[in-house]
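Heads up: the structure comes next, in structure tokens.
Letters go in sequence order (proteins before strands), and every chain restarts at 1. Please read these numbers as outputs of a predicted model, since none were measured by experiment.
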Amino acid sequence: MRIVVTVKQVPDPDVPPGSFQVDSANKRVVPPTGVAPVMNGYDANALEAALKLKEAHGATVVALSLGPAEARDVLKRAIAMGADSAVLVEDPALAEADTWVTANALAAAIRKMGAEGEPIDLVLSGRQASDTDAGQVPLGVAELLGWPSLAPVQKIDWADGKARVERMTEDGYDVVEVAPPVLLAVSSEIGEPRYPPLRGVMMAGRAQIPSWSLADLGLSDLAPRRKIVRLYAETREAKAELVKADTAADAGRVLADKLREAKLI
Amino acid sequence: MSTLVVVEARGEALPPQALELVGAAQSLGEPTDALLVGSGVRALAPRLPVRRVLVGDDQSLRPYLAEVWTPLVADAVEQSQADVVLFPHTLLSRELAPRVAFRLGTAAVTDCTALGRADGQLVLAKPIYGGNALADYAVESRPVVATLRPRAFPAAEPGGATPEVIDVAVPAASPRAVVVDTVQAAPSAGPTLKDARVVVSGGRGLGGPENWHYVEELAAALGAAVGASRAVTDAGWVPPSLQVGLTGTTVSPDLYVAVGISGAVQHMAGCGGSRNLVAINRDPDANIFRHARWGIVGDYKEVLPALTARIKELKGSG
Ligand SMILES: Cc1cc2nc3c(=O)[nH]c(=O)nc-3n(C[C@H](O)[C@H](O)[C@H](O)COP(=O)(O)OP(=O)(O)OC[C@H]3O[C@@H](n4cnc5c(N)ncnc54)[C@H](O)[C@@H]3O)c2cc1C
Ligand SMILES: Nc1ncnc2c1ncn2[C@@H]1O[C@H](COP(=O)(O)O)[C@@H](O)[C@H]1O
């Protein structure tokens with residue numbers, strides 16, 4: 001089995017609210033300084049799912065990212081966690097990539113991997129990136145490859161040459177069977193990603209990570225489909241009325257009375 | 001020019017967001033059509049206050065698979081000649097809308113909270129970075145495809161002239177994926193989260209599943225639905241369907257009580273529209289207090305039993 005996991009490097013979302021600055025003039029979000037970027041959380045979940053499949057059934061796992069040279073760090077982390085190899089799609093023309101451009105480039109990279117080696121059975125992606133909050137790229141990739149997709153998924157098993165997947169629904173989940181190739185967009189319910197073992201970290205240090213340009217992918221004039229015309233932040237000045245009393249229990253009772261006064265109970 | 005809203009129907013009633021989609025579409029000032037999709041849903045068509053309802057009604061459409069729905073919806077968009085297509089930001093359409101958009105040669109804007117015009121062009125507002133920033137997008141290609149956040153748009157008035165109903169062909173599909181089982185999470189007692197007027201949500205601060213009864217008892221006293229932060233659903237204390245937030249359910253109740261929840265932007269994305277928010281948290285600097293109308297700084301184990309008992313008393317005394 002050959003699995004591609006798409007991993008994106010994102011600013012660490014686990015910072016106190018308000019740490020992100022909005023540079024409206026340049027239409028950019030500026031993450032707090034001194035906080036290192038991370039592997040997108042749901043991509044780490046997707047990689048964990050791939051590594052579990054590898055352990056249970058045997059698989060080669062390739063990590064794929066699109067981004068600037070610094071994005072090699074997330075690919076190294078993917079290798080440290082247990083991915084067998086990694087590829088970076090890197091091109092100056094991708095600096096302003098939107099969802100459309102990103103999905104087209106990633107789909108082309110996946111096609112190239114499939115053409116140059118064993119066919120790809122599964123592409124696992126995060127259900128959404130914590131910077132764009134779009135949740136679109138994987139579905140675009142599946143559409144461009146002409147593959148089925150299932151999203152979001154909370155469990156992946158493999159039996160009789162098929163994926164057996166729990167696809168989340170509004171009130172539970174569906175169990176879905178699908179023969180490869182298929183793209184699965186993974187949610188956090190699938191399980192915590194592992195920490196890279198020391199041996200993995202050392203392997204990652206030595207790993208050669210090729211970078212593919214748009215020309216390598218046979219892509220020219222990929223134009224973004226949308227642009228940001230304004231970027232701003234919502235300001236929040238509201239401050240709670242803190243209910244004070246001698247004990248926390250008293251405060252609870254006073255709160256109940258306030259809710260009554262406001263006709264909320 | 002026209003706007004098409006996609007209504008993923010099931011059962012006897014219009015889905016909760018259908019009229020919000022129509023309301024948003026009407027605000028754009030062009031004629032509004034709807035595409036009603038599901039199995040056994042045709043009877044709902046006349047209830048949509050739009051010009052025309054295209055109906056894709058077939059058994060093959062349930063259970064939902066993107067492989068079956070995408071060609072149907074993409075064909076209907078072309079047939080309707082809409083230049084704007086609006087989906088609800090449900091789990092289903094989070095997958096469907098991008099697939100339809102890419103099939104039509106464009107990308108979608110997902111989880112929009114406002115639509116407007118600037119210099120004659122349509123702009124779509126969407127929170128990014130979890131809600132740390134808002135972006136107004138303009139889309140260069142047509143049609144514009146978007147999913148709309150629940151409760152962010154005023155609902156259209158039902159009624160009015162009866163729409164023209166047009167059946168669309170449901171393309172024969174042989175999907176590779178097969179749904180072999182459908183599992184419903186045990187419905188929790190009380191109202192459903194999405195539509196509840198009162199919600200009590202618990203977070204990691206509860207400390208463990210053995211303490212979840214504190215939240216349930218308060219919810220029962222209030223007649224509230226129970227919700228949770230992602231920290232809690234990821235830990236498996238309660239089913240994922242109870243998760244409130246960006247990647248969970250959006251709620252906008254009259255009263256939202258957050259217990260042991262820090263108030264991360266991604267959580268607030270799902271409950272920031274609550275009319276009254278109460279926060280109970282041990283940490284006076286927790287972000288949740290910036291969103292709250294009332295707050296108690298304290299240990300929920302002391303606050304909740306007293307709060308719950310007093311609510312019961314007040315309710316008992318009428
Ligand atoms: C892309 C993305 C999407 C996400 N989507 C969602 C989403 O949809 N919904 C969601 O909820 N999160 C989501 N998150 C996660 C989110 O960022 C937070 O990590 C999560 O909401 C934290 O949950 P919490 O508040 O329960 O836990 P914590 O942040 O750990 O907060 C626990 C709180 O409990 C308080 N506490 C501890 N003990 C007590 C006590 N005895 N009494 C009272 N208070 C106590 C603490 O002071 C603290 O404030 C998402 C994150 C990302 C990156
Ligand atoms: N630049 C990128 N490199 C690798 N994977 C990406 C990239 N952008 C998006 N993805 C994948 O697509 C998912 C959803 O991204 P988005 O559509 O931006 O929310 C992410 O979780 C990744 O798995």
[X] [atom1] to [Y] [atom2] distance, which is reported to the nearest 0.5 Å:
| X | Y | atom1 | atom2 | answer |
| --- | --- | --- | --- | --- |
| B:Leu307 | A:Asp257 | CG | CG | 10.0 Å |
| A:Gln128 | B:Arg94 | CD | CZ | 7.0 Å |
| A:Tyr173 | B:Gln184 | OH | CD | 11.5 Å |
| B:Tyr137 | A:Leu231 | OH | CG | 8.0 Å |
| B:Thr182 | A:Asp171 | OG1 | CG | 9.0 Å |
| A:Glu189 | B:Thr247 | CD | OG1 | 7.5 Å |

Give the interface residues of [range] toward chain B, defined by a heavy-atom separation under 4.5 Å.
| range | value |
| --- | --- |
| residues 241-248 of chain A | A:Glu241, A:Leu242, A:Val243, A:Ala248 |
| residues 22-49 of chain A | A:Val22, A:Val29, A:Tyr42 |
| residues 159-168 of chain A | A:Arg164, A:Arg167, A:Met168 |

If I measure from the heavy atoms of chain B, does [X] come under 4.5 Å with its side chain, its backbone, both, or neither?
| X | value |
| --- | --- |
| A:Pro148 | both |
| A:Ser188 | both |
| A:Thr132 | backbone |
| A:Gln154 | side chain |
| A:Pro224 | backbone |
| A:Leu144 | side chain |
| A:Pro181 | both |
| A:Asp14 | neither |

Compare all side-chain heavy atoms of [X] with those of [Y] and state whether any distance is below 4.5 angstrom.
| X | Y | answer |
| --- | --- | --- |
| A:Glu143 | B:Thr70 | yes |
| B:Val278 | A:Leu264 | no |
| A:Leu255 | B:Trp294 | yes |
| A:Gln136 | B:Phe102 | yes |
| B:Gln266 | A:Pro13 | yes |
| A:Leu259 | B:Leu255 | yes |

Heavy-atom contact with chain A under 4.5 Å, split by part of [X]:
| X | answer |
| --- | --- |
| B:Arg275 | neither |
| B:Leu222 | side chain |
| B:Tyr300 | neither |
| B:Val123 | side chain |

Just give me the residue among [options] that pairs up with chain A most often, heavy atom to heavy atom, under 4.5 Å.
| options | value |
| --- | --- |
| B:Val144, B:Thr147, B:Ile288, B:Val109 | B:Val109 |
| B:Gly298, B:Ala306, B:Gly295, B:Pro284 | B:Gly295 |
| B:Thr192, B:Leu246, B:Leu124 | B:Leu246 |
| B:Leu96, B:Leu304, B:Thr249, B:Asn276 | B:Asn276 |
| B:Arg310, B:Glu302, B:Arg99, B:Met268 | B:Arg99 |
| B:Ile280, B:Asn287, B:Val265, B:Thr233 | B:Asn287 |

- With side chain to side chain donor-acceptor pair (under 3.5 Å) as the test, would you mind laying out the steps for B:Asp136 and A:Tyr232 before giving the verdict? CA-CA 9 Å; B:Asp136 284 354; A:Tyr232 47 107; 2.8 Å; yes
- Message: Please check if the number of heavy atoms outside B:Glu140 that lie under 6.0 Å from its CD is greater than 12.
- Response: yes
- Task: Evaluate salt bridge (charged side-chain N to carboxylate O under 4.0 Å, His left out) for B:Lys194 paired with A:Glu170, printing each intermediate quantity in order.
- Result: CA-CA 10 Å; B:Lys194 222 194 296 242; A:Glu170 304 280 333; 3.3 Å; yes
N/O donor to acceptor pairs below 3.5 angstrom from side-chain atoms of residues 126-133 of chain B, sequence neighbours left out:
residue, atom, partner, partner atom, Å
B:Lys126, NZ, A:Asp133, O, 2.8
B:Lys126, NZ, B:Thr110, O, 3.1
B:Asn132, ND2, B:Tyr129, O, 2.9

- Ignoring hydrogens and angles, tell me if any N or O in the side chain of A:Arg226 forms a donor-acceptor pair with the backbone of B:Ala108 under 3.5 Å. yes
- Item | Donor-acceptor pair, side chain of A:Arg225 and main chain of B:Gly105, under 3.5 angstrom |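 Flag set: sc A:Arg225 to bb B:Gly105 pair under 3.5 Å.
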- Query: Considering all heavy atoms of both residues, which atom of B:Glu95 and which atom of A:Ser149 are nearest to each other, and what is their separation?
  - Reply: OE2-OG, 2.8 Å
